[in-house]
Protein chains: 2
Amino acid sequence: MVKITDVARHAGVSPSTVSYALSGKRPISEETRRRIEASIRELGYRPHAGARALASSRSNVLALVIPLRSGIHVPVVMQFAVSVVTTARTHDHDVLLLTQEEGEDGLRRVADTALVDALIVMDVQLHDPRMPLLRTLDRPSVMIGFPQDPAGLTCIDLDFMAAGELCVERLAGLGHRVVALVGSPPEVYVRRTAFAQRVVQGFTAAADRNGLTSSIHPCEASPAAARRVAEQLLSEQAALTGVVVHNEAVLEPLIDAFEQLGLRVPGDLSITAICPDELAASLRVPVTSVALPSAELGARAVELLMKKLDGAAVPEATLLPPRLTERASTAPRNAP
Amino acid sequence: MVKITDVARHAGVSPSTVSYALSGKRPISEETRRRIEASIRELGYRPHAGARALASSRSNVLALVIPLRSGIHVPVVMQFAVSVVTTARTHDHDVLLLTQEEGEDGLRRVADTALVDALIVMDVQLHDPRMPLLRTLDRPSVMIGFPQDPAGLTCIDLDFMAAGELCVERLAGLGHRVVALVGSPPEVYVRRTAFAQRVVQGFTAAADRNGLTSSIHPCEASPAAARRVAEQLLSEQAALTGVVVHNEAVLEPLIDAFEQLGLRVPGDLSITAICPDELAASLRVPVTSVALPSAELGARAVELLMKKLDGAAVPEATLLPPRLTERASTAPRNAP
DNA sequence: TTCCACCGTCGAAGCGCTTCGACGTCACGC
DNA sequence: GCGTGACGTCGAAGCGCTTCGACGGTGGAA
């Protein structure tokens with residue numbers, strides 16, 4: 001293994017000079033820097049991560065905590081993860097993957113052993129046992145999602161409440177008077193997952209504000225469940241003309257089911273969704289949707305974390321405003 | 001931060017004794033061990049990962065390389081990942097997540113900086129540029145999947161060729177004479193992804209061996225594509241009665257499409273698939289399938305890696321034999 | 001009883017890097 | 001002409017842990 005002393009000798013300087021040339025923490029003459037860089041290339045030098053971490057008390061590793069509970073939409077989560085990894089790399093950091101098998105102990109372990117410098121936590125519950133822990137940890141962290149009490153934490157997420165409202169407002173603006181929300185699987189609500197609940201809040205508030213008749217329907221992530229919900233909606237709410245879907249997995253099957261039941265989209269039924277843009281745009285009937293900007297969220301979470309690591313102050317709460325894209329699934333309500 | 005010298009002082013022993021008590025590499029008296037353990041608990045001691053890595057030249061971190069190329073089925077990949085993480089934890093290792101953004105350089109980097117002790121590589125191509133690199137790296141690695149030339153590498157995978165054969169044999173055994181393979185998206189074949197090609201090989205070999213008429217149809221991962229393939233199959237192959245599906249994303253839409261086109265499963269059309277058992281079993285028509293044992297593969301990959309890290313010899317190739325589970329989607333061919 | 005082997009523990013020497021203080025040199029202002 | 005900084009570099013001291021060799025003590029074999 002080639003080490004910093006080898007490089008130093010080869011370049012005719014001291015090891016500390018090599019270190020400073022690498023880190024830029026002290027000025028080094030152009031000439032010396034060139035020689036050092038040449039030596040590094042020639043010898044194929046790579047600084048030892050452990051030695052670096054020990055001496056600098058910085059591991060340059062972030063922990064990404066992905067619970068992967070049931071009912072979540074895996075591809076979306078994976079988009080976050082990829083975006084976190086690539087953004088972290090632009091800041092010269094790597095990403096350690098933690099699932100929830102270990103529970104809170106895992107977080108404490110990687111933090112206390114100095115394996116990671118900071119943590120990104122996904123799938124935050126309204127009352128999340130990890131939150132108090134994270135407040136006590138001496139390492140910075142960023143949540144993707146909001147718990148009930150975000151005080152003292154740095155959180156970022158799509159403004160799901162506003163997203164829910166926006167979907168309803170759009171339908172209301174098109175003249176729809178009876179709307180339904182097809183939401184996440186029941187277990188997501190039982191766990192009191194923050195974002196799901198906030199969509200419900202926004203949906204309900206906007207419906208009430210506009211004097212709409214509304215109802216809420218959790219839905220399992222299977223086409224069969226989608227069909228059942230569709231049938232139920234038609235039988236129970238004959239006047240229904242607007243649906244908000246917050247469930248990536250059933251968006252397409254749901255549309256299929258409606259059409260098989262004789263309802264054309266958007267002729268008889270207008271649909272808005274909260275989901276990744278790529279999904280909404282790729283469907284047979286492209287769906288008017290509020291984008292779920294996974295990649296942006298992941299990237300911004302990393303940026304926030306980097307700022308905190310640099311000792312900078314960051315806002316505790318970052319809510320991305322919802323952005324609605326009009327597509328083919330919405331139309332004005334037919335005259336009755 | 002509490003360190004090993006603090007524990008040593010508190011327990012009235014030397015730091016090396018604490019270290020040996022922790023690692024078990026030298027005998028320590030019962031009595032002393034108890035005192036040390038008590039001190040560790042009392043002080044909340046956690047060994048510093050970097051220091052440990054530096055002194056022992058073991059980071060206790062594995063790299064998991066997930067390319068996430070287009071056309072792959074994300075949930076399946078994620079199952080691997082989770083299984084790798086949890087298994088690694090049982091061996092006191094953590095997992096660093098690498099995507100393919102960085103390319104081969106990323107592998108080299110984490111290996112050369114001693115950030116990781118070993119690597120697990122997924123989504124292996126037939127001619128994979130990472131393979132030569134891995135052969136030269138001084139760290140052990142395990143591939144999930146087989147390249148064209150696996151010499152000098154440790155590879156593990158489901159025996160996809162046998163799986164393809166098994167699916168066909170099952171259909172042949174039920175009397176079907178005209179069969180089709182609905183496969184992965186075209187880009188997967190263009191990239192020459194190993195497992196996809198092997199399924200084709202097995203499918204073709206078994207079809208020929210049994211004198212069946214057969215055809216192969218790559219398929220995009222969308223319901224619309226599934227429908228198109230279904231229609232194409234019906235128009236071009238009127239006598240078709242057996243279909244093998246190797247594409248998780250379109251399995252359900254494909255069945256729907258067939259039924260909408262007037263073909264009942266398994267009455268008119270028998271279907272076998274290669275996919276995770278949970279998926280096959282959860283469909284409206286539970287599908288006779290060869291299990292894709294993601295969790296087992298991930299776990300066994302880690303076990304292999306641990307053996308290699310311990311200096312033990314392991315087989316270069318591990319092919320898990322396919323296991324077919326009979327479900328509701330297959331039946332004997334109707335009399336013509 | 002003597003010798004040897006093993007057990008349990010200790011002290012010290014690193015592992016490869018960062019960082020702090022120090023030092024020589026040079027340019028500039030007064 | 002001298003003091004003063006800034007610049008560029010060096011040496012040495014750790015960062016917290018593992019591991020090697022050494023050493024006293026104990027028990028069994030001879």
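Naming convention: chains lettered A, B, ... in sequence-line order (proteins, then strands); numbering from 1 in each chain. The figures here come from the full heavy-atom set of this structure, side chains too, leaving out hydrogens, waters and symmetry mates.
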Please tell me which of Arg26(A) and Pro47(A) maps to the more 5' nucleotide of DNA chain C, matching each residue to the nucleotide holding its nearest heavy atom.
Pro47(A)
Does any non-hydrogen side-chain atom of Ile120(A) lie less than 4.5 Å from one of Ser141(A)?
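In short, these two side chains do not touch, never coming nearer than 4.5 Å.
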Any heavy-atom pair between the side chains of Met122(B) and Met143(B) that's under 4.5 Å?
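No, too far: nothing below the 4.5 Å cut-off.
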Partner residues of [X] under the salt bridge (charged side-chain N to carboxylate O under 4.0 Å, His left out) criterion, sequence neighbours left out:
X	answer
Arg108(B)	none
Asp94(B)	Arg109(A), Arg89(B)
Arg139(A)	none

Side-chain ion pair, Asp6(A) and Lys3(A), N-O less than 4.0 Å
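The answer is no: the pair does not qualify as a salt bridge.
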Are any of the side-chain nitrogens in Arg34(A) or Glu30(A) under 4.0 Å away from the carboxylate oxygens of its partner?
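Yes, Arg34(A) and Glu30(A) are salt-bridged.
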Using a cut-off of 4.0 Å on non-hydrogen atoms, how would the nucleic acid contact of Pro27(B) be classed: base, sugar-phosphate, or nothing?
base
Please list all pairs meeting salt bridge (charged side-chain N to carboxylate O under 4.0 Å, His left out) that have one or both residues in [range], counting only residues at least two apart or in different chains.
range	result
residues 42-54 of chain B	Asp112(A)-Arg46(B)
residues 141-153 of chain A	none
residues 293-321 of chain A	Glu296(A)-Arg300(A)

For chain A and DNA chain C, what are the first and last nucleotides along the strand, 5' to 3', with at least one atom under 4.0 angstrom from a heavy atom of the protein chain?
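Taking any atom under 4.0 Å from a heavy atom of chain A, the span is dG16(C) to dA22(C).
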Scan Leu64(B), Leu96(B), Leu62(B), Val110(B) and name whichever one has a side-chain contact (heavy atoms from CB on, under 4.5 Å) with Leu119(B).
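Of the listed options, the one satisfying the test is Val110(B).
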Provide the full list of side-chain hydrogen bond (donor to acceptor under 3.5 Å, both in side chains) pairs with a residue in residues 69-81 of chain B, sequence neighbours left out, each pair given once.
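For residues 69-81 of chain B, and leaving out neighbouring residues, the side-chain hydrogen bond (donor to acceptor under 3.5 Å, both in side chains) pairs sorted by first residue read Arg69(B)-Asp123(B), Arg69(B)-Gln125(B), Ser70(B)-Glu187(B), Gln79(B)-Glu278(B), Gln79(B)-Ser294(B).
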Strictly below 4.0 Å, heavy-atom distances to any atom of DNA chain C: list the hits from residues 2-24 of chain A, or just say none.
Lys3(A), Ile4(A), Ser16(A), Ser19(A), Tyr20(A)
Among residues 28-39 of chain A, which residues get a heavy atom nearer than 4.0 Å to DNA chain D?
Ile28(A), Ser29(A), Thr32(A)
Estimate the overall bend of the helix from dT1(C)-dA30(D) to dC30(C)-dG1(D) from the end axes over five pairs each, rounded to 10 degrees.
40°
Can you sort out the partners of Phe195(B) under ring-ring contact (aromatic ring centres under 6.0 Å, His included), two or more places apart, ordered by chain and number?
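Once residues adjacent in sequence are excluded, the partners of Phe195(B) under the ring-ring contact (aromatic ring centres under 6.0 Å, His included) criterion are Phe160(B), His246(B).
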